[in-house]
Amino acid sequence: MSVQKLKETILNKIDSAAVNALGQIPEPLELGFPPNTELGHFAVGCFPLAKQFRKSPAEIAKIISEKITPDDVIHKVKASGPYLNISLHPGVLFGEFCSEMISKNTKYGESSVGKGIPGMVEYLSPNTNKPLHLGHMRNGALGLSISRILEAIGHRVVKANLINDRGVHICKSMLAWKRWGAGSTPESQGLKGDHFVGSWYVRFAQEALEQQTLEDDVQTMLQQWEAGDPETLKLWETMNTWVYDGFAETYKNFGLEFDVFFYESDTFKMGKDVIQKGLEAHVFSKDDHGNSVFRLPVAEFGQEKGGEAKKVTLLRPDGTSLYITQDIATSILKIEAHKLYFSIYVVGSEQEYHFKCLFQILDALGYEWAKDCHHLSYGMVYLPEGKMKSREGKIVDADVLIAEMKKLAADEIRQRDPDGRLSDDEINHRAEKIGIGAIKFYLLRVRPTQTINFDPAESISFDGFTGPYCQYAYARISGILAKAQNGATDLQRCDLSVLGNPEELSLLQRLIQFPEEIHDAAQGFNPSKIAVHIFNTAKTFNQFYNKHHVLRAENEALVTARLALIKATAIVLKKGLNLLGIEVLENM
RNA sequence: GCGCCUGUAGCUCAGCUGGAUAGAGCAACGGACUUCUAAUCCGUAGGCCGCAGGUUCGAAUCCUGCCAGGCGUACCA
């Protein structure tokens, strides 16, 4: 029997008891857990039935419980206030769940509610004038995680990175390098390409404080770029190539994956056609200044002080496009080029209004998929000193943070290996996964809407509610399973009726809950659900581990049964961490 | 002004599609390694759930108003 079916069996049993006792099919009920394992394995609150039957929930619980006769699945049902607490036979309870988890392995928790519907998750979307920082890391961790979560519920996801490779920002780096760079390259300076280019952006900002004319010079350069001046284009390409090499290294180190790249230099002119068609269809109009504009529906967006509908400017009178112009085009391109049905934009909360307008415009243009566009908005990351400002160097650089975390993890590993048995390669390998795990978990453990106040001390911690804590629980289980290898029993079919102490029950409950957490995380675009649940699972395992032995349990049957339970736990931990973009380790 | 987000223990946060005594982690204090990895576990202490009303059998959770902070308010990206 599958887990789903077992749950249905229990609810059906309650339903028929309710019909029996009250003469009507009851409102749908939900299967939950009692606050502690001594009360039972599952619980059902009878609140929804109170109105239907005009009795208090407690009374209903009592009546129903009396009509349920124990069978080979249900051991007993006891009314406790408004709740029905249900206990199953331990063999059924553990047997059904553990064998399903073990047989499904890394597929456990997945579902098909997405019906294979394909869509795109666009995330990271960096500018090419400077290296990635902490804000990008939050975006990257979120984007990768939500992609995997959507895949887990049965969607096909195309992960996209829209690179903002043109504009005044990159021209600043270009201009500074041209003036003062003297032909230097990342290699000649021993710098990562993105850091090299970023250093010229900083240089520009410094020089511009002294020389006002620099801002004009940058505008000239931008015009040359737009006009297709060969020399400018060549410099632009060279600098972007440096940056992409640097980015690629960071993506690899931080574990970010992309299926497609979009470049704004390719898409920024495409918007004009769309605007033209919109004008012809009278979706857009011209305002008094000759701007092409879209009037936002008053019902949803309110109106200007003068009583006019609010508007979005789409094209200036001289035909130059704006941020939203190219975004409209890119949105269409994404969906049509890849034959997709939905589109997720992982972008900071400061752009909420922008996306609200964008989706409204796409809807007005008649694109049916506009309703399936979603802005996954997340809060800012603040440093102790306040908001990050790259021009002032007030940032946490991604590469620096990764290196720091890796070093801290390596120090920690060496402390645990006083005899120096581990090779440098092994230490390096572990440190990388632990360091990245710590950063990603730190960024994903809170709701996306929360502003994060980056606390350096807390972010580098490996104790408590952290990624390494969860990885450690997995490594502990791996250790036990490795030692148990000889005399390997079929864990999928062993007798689990010997399990049933409170720690084993609590652990099993966490494992049972996992698929629902994935579903909730997907529904709410909220990976923190997974982080919290995986932490709780690891914690519950550690509690079990500290109180009971696996390999030295009282008898052979118990050893085997506990091996099955911890194997299932390992599967959930690995899958959960994987959904957060975090890798597990067999040894720590 | 208007819109969105946030306000829960000293700190950082879960819980927010209403339901069993409001939960973690960190920090503090006290315990547990001759025993499957102590990056662990157990215990103690710590809470007008921003404030005030309302809806409900029942509100941290829903509604209204207020207070505080953040972001945005488009012809920047």
Side-chain angles (χ1 to χ4, degrees), chain A residues 32 34-36 39 43 45-47 50-51 56-58 80-83 85 125 127 164 167-169 264 287 289 291-294 296 301-303 305 310-317 320-327 348-354 356-358 377 379-380 382 387 409 412-413 415-416 434 438 442 445-447 449-453 455 457-459 461-466 468-473 475-484 520 523-524 528-529 531-533 535-536 538-539 541-553 559 562 566 587-588:
Chain A
N36 68 67
L39 291 169
C46 295
F47 307 103
K51 272 207 179 101
S56 77
S80 169
Y83 290 91
N85 288 327
S125 309
N127 290 354
N164 187 8
V168 84
H169 50 272
E264 292 205 350
D287 73 0
H289 309 285
N291 294 307
S292 302
V293 300
F294 176 71
L296 293 159
F301 289 80
Q303 54 193 20
K305 281 176 206 139
K310 292 188 176 177
K311 62 186 182 185
V312 183
T313 304
L314 304 168
L315 222 50
R316 294 193 189 96
T320 52
S321 61
L322 293 106
Y323 175 46
I324 197 154
T325 320
Q326 45 184 296
D327 247 19
S349 59
E350 68 274 16
Q351 295 202 34
E352 270 169 24
Y353 189 74
H354 168 78
K356 204 177 162 199
C357 293
L358 174 65
S377 158
M380 327 208 94
Y382 284 98
K387 193 173 178 173
E412 196 80 21
I413 294 163
Q415 258 182 45
R416 275 153 232 277
I434 294 167
Y442 176 79
R445 67 184 194 174
V446 301
R447 275 174 290 163
T449 47
Q450 278 280 356
T451 301
I452 292 181
N453 293 299
D455 178 339
E458 202 185 324
S459 73
S461 165
F462 298 149
D463 302 323
F465 187 21
T466 65
Y469 176 97
C470 301
Q471 290 171 316
Y472 183 63
R476 274 180 149 177
I477 296 175
S478 296
I480 300 172
L481 292 174
K483 286 195 175 124
D520 288 354
Q523 212 75 41
S528 80
K529 291 260 181 197
V532 169
H533 187 256
F535 169 69
N536 283 327
K539 184 177 170 58
F541 166 75
N542 279 327
Q543 288 168 333
F544 161 80
Y545 177 90
N546 256 270
K547 200 159 174 186
H548 306 286
H549 289 286
V550 177
L551 297 176
R552 256 166 287 161
V559 171
R562 284 185 178 162
I566 65 167
N587 295 292
M588 267 175 85

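What you see below is based on every heavy atom in this structure, not just the backbone, and it leaves out hydrogens, waters and symmetry mates. Proteins come first, then strands; the chains are lettered A, B, ... in the order of their sequence lines, and each starts at number 1.
On the C1' atoms, B:C16 is 11 Å away from B:A59, given to the nearest whole Å. B:G43 and B:G1 have their P atoms separated by 50 Å, given to the nearest Å. Annotation: B:C51 and B:G7 have their P atoms spaced 13 Å apart (nearest Å). Taking the C1' atoms as reference points, B:U61 lies 42 Å from B:C75, given to the whole Å. Taking the C1' atom of each, B:G10 and B:G18 are spaced 31 Å apart, rounded to whole Å. Taking atom C1' on both nucleotides, B:G19 is separated from B:G31 by 37 Å, rounded to a whole Å. B:U55 and B:C62 have their C1' atoms separated by 8 Å, given to the nearest Å. For B:A24 and B:C42, the P atoms lie 10 Å apart once the distance is rounded to whole Å.
Taking the side chain of A:N542 as heavy atoms from C-beta on, and the options B:A39, B:C41, B:A38, the nearest nucleotide is B:C41. Between B:A39, B:C41, B:U35, one nucleotide has an atom nearer to the side chain of A:Q543 than all others, and that is B:C41. Counting only heavy atoms from C-beta on, A:Y323 has its side chain closest to B:A77 among B:A77, B:C76, B:A39. For A:Y382, counting side-chain heavy atoms from C-beta on, the closest listed nucleotide (B:C71, B:C13, B:U40) is B:C71. Listed nucleotides B:C36, B:A77, B:A39 differ in distance to A:I480; the shortest reach to its side chain belongs to B:C36. Of the candidates B:G72, B:C75, B:U6, B:G72 carries the atom nearest the A:Y353 side chain, counting heavy atoms from C-beta on. For A:I434, counting side-chain heavy atoms from C-beta on, the closest listed nucleotide (B:A39, B:G72, B:C13) is B:A39. Between B:C71, B:U37, B:U6, one nucleotide has an atom nearer to the side chain of A:Y472 than all others, and that is B:U37. Here B:A74 is the nucleotide among B:A74, B:C13, B:U40 with the atom lying nearest to any side-chain atom of A:C357.
Panel note: side chain A:N536, backbone A:V532; a donor-acceptor pair is recorded below 3.5 Å.
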Worksheet, complete the sentence: With B for base contact, S for sugar-phosphate-only contact and - for none (protein heavy atoms under 4.0 Å), nucleotides 19-32 of chain B reads BBB--SSS------
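A ring-centre distance under 6.0 Å is found for A:Y83 and A:F47. Close placement of the A:Y469 and A:F535 rings is indicated, their centers lying within 6.0 Å of each other.
By the 4.0 Å N-to-carboxylate-O rule, A:R416 lies close enough to A:E412 to be salt-bridged with it.
Under 3.5 Å, the side chains of A:S321 and A:Q326 contain no donor-acceptor pair of N or O atoms. Side-chain contact, A:Q351 with A:Y323: a donor N or O sits under 3.5 Å from an acceptor N or O.
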Worksheet item: Dot-bracket for RNA chain B: what is it, with Watson-Crick or G-U pairs under 3.5 Å, [ ] where a pair crosses earlier ones, and | for a pair to another strand?
Response: (((((((..((((.....[...)))).(((((.......))))).....(((((..]....))))))))))))....
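Syn is the classification of B:C33, since its glycosidic angle stays within 90° of 0.
Side-chain nitrogen and oxygen atoms of A:Q351 include none within less than 4.0 Å of the OP1 or OP2 phosphate oxygen of B:A77. Residue A:R447 has no polar side-chain atom (N or O) positioned under 4.0 Å from OP1 or OP2 of B:C16. Side-chain nitrogen and oxygen atoms of A:Q450 include at least one within less than 4.0 Å of the OP1 or OP2 phosphate oxygen of B:A14. At B:U37, one or more side-chain N or O atoms of A:K483 fall inside 4.0 Å of OP1 or OP2 (strictly under the cut-off).
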